[in-house]
2 protein chains.
Amino acid sequence: MTTNWTDIKASRADSDERRHGYEHAGRAIRLAFEIKELRERKGLSQRQLAELVGTTQSAIARLEGGRISPSLPTLDRIANALDAELTVTLTDTQQLLGAR
Amino acid sequence: MTTNWTDIKASRADSDERRHGYEHAGRAIRLAFEIKELRERKGLSQRQLAELVGTTQSAIARLEGGRISPSLPTLDRIANALDAELTVTLTDTQQLLGAR
DNA sequence: AAGGGTGATAGCATCGCTGCTATGCCCTGG
DNA sequence: CCAGGGCATAGCAGCGATGCTATCACCCTT
């Protein structure tokens, strides 16, 4: 068999996955902004949201700072507190390609 | 001001956010399944995916086990390796409600 | 029967996120 | 001027996720 797996591996050796923490920052910043947006829309202060979520104001500030990549459990709790829904999806970008 | 914030807080005291790690398992299991699904569709073994991602087979197996809540950085790396895209969204479920 | 490939699991060290306290800064109202 | 609220930041302890090695059980092929 020895699929063309070797090719796949080679073609990516230096493209993307070799760089570990490249653009997590991007997602973190976007999520941070969305949280802040939602919170302000609800008219809540960081302290109030913190209490709803079950944490402290500084933790909320840190999240909204966008310098860390929040955990899914944390995002979920925030979402619930803000009457929002957290959606996490993995979509194949090659559905119609590798059909051999 | 003293918004109806007190009401909000009261109305949730024992509904959802008081329970910390309730259904993270659900999301973890779904993601685990999606990863496995994608990986097999690409015809990759856990070991091959591991190498693409830059980790080991046991780590992949653990993820696909669905007993932990993966970090976003990890999910992102997996997604890239599988030619997939990771989407994380916070959607307001009350857009047309609290117009005040 | 022996070997190879695949996937689970355990145990460990390390790292990052989280919760917390304690500040500091800015702004607004008294 | 002096609170007071709102937000940011630092520093620390604790915990969960990750990476790793080493097994183990299975299946399949030879």
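As the structure is a computational prediction, the values presented were derived from the model and not from experiment. What's counted below: heavy atoms across the whole structure, side chains too, no hydrogens, waters or symmetry copies. The sequence lines fix the lettering, A, B, ..., with proteins before strands; numbering per chain opens at 1.
When all heavy atoms of B/Q46 and B/R39 are compared, the pair lying nearest together is N-NH1, 3.4 Å.
Residue A/L75 is classed as having no contact, given no heavy-atom separation below 4.0 Å to the nucleic acid. Note on A/I60: nothing from the nucleic acid sits closer than 4.0 angstrom, heavy atoms only. Residue contacts for B/Q57: at a heavy-atom cut-off of 4.0 Å it reaches a base atom on one of the strands shown. As judged by a 4.0 angstrom heavy-atom cut-off over every strand, A/T56 is placed among the base-contacting residues.
Contact check on B/R30 versus B/E34 returns a salt bridge, with a Lys/Arg side-chain nitrogen under 4.0 Å from an Asp/Glu carboxylate oxygen.
In this structure, B/R39 does not reach the C/dT6 phosphate: none of its side-chain N or O atoms is under 4.0 Å from OP1 or OP2. Here B/R47 does not reach the OP1 or OP2 of C/dA8: none of its side-chain N or O atoms lies under 4.0 Å away. OP1 or OP2 of D/dA8 has at least one side-chain nitrogen or oxygen of A/K36 nearer than 4.0 Å. A sub-4.0 Å separation between OP1 or OP2 of C/dT9 and a side-chain N or O of B/S58 is absent. Considering only side-chain N and O atoms, A/R67 lies nowhere under 4.0 angstrom from the phosphate OP1 or OP2 of D/dA8. The phosphate of D/dT18 (OP1 or OP2) has a side-chain N or O of B/T74 nearer than 4.0 angstrom. Phosphate proximity of D/dT18 to B/S71: present, with a side-chain N or O under 4.0 Å from OP1 or OP2. Side-chain nitrogen and oxygen atoms of A/R77 include at least one within less than 4.0 Å of the OP1 or OP2 phosphate oxygen of C/dG19.
Partners of A/R67 by salt bridge (Lys or Arg N to Asp or Glu O under 4.0 Å), not counting sequence neighbours: none found. Remark: B/E37 pairs with B/R41 by the salt bridge (Lys or Arg N to Asp or Glu O under 4.0 Å) rule, at least two apart or across chains.
With hydrogens and angles left out, the side chain of B/R62 and the base of C/dG7 share no donor-acceptor pair within 3.5 Å.
For the pair B/P70 and A/G65, both in contact range of DNA chain D, the more 5′-proximal nearest nucleotide belongs to A/G65.
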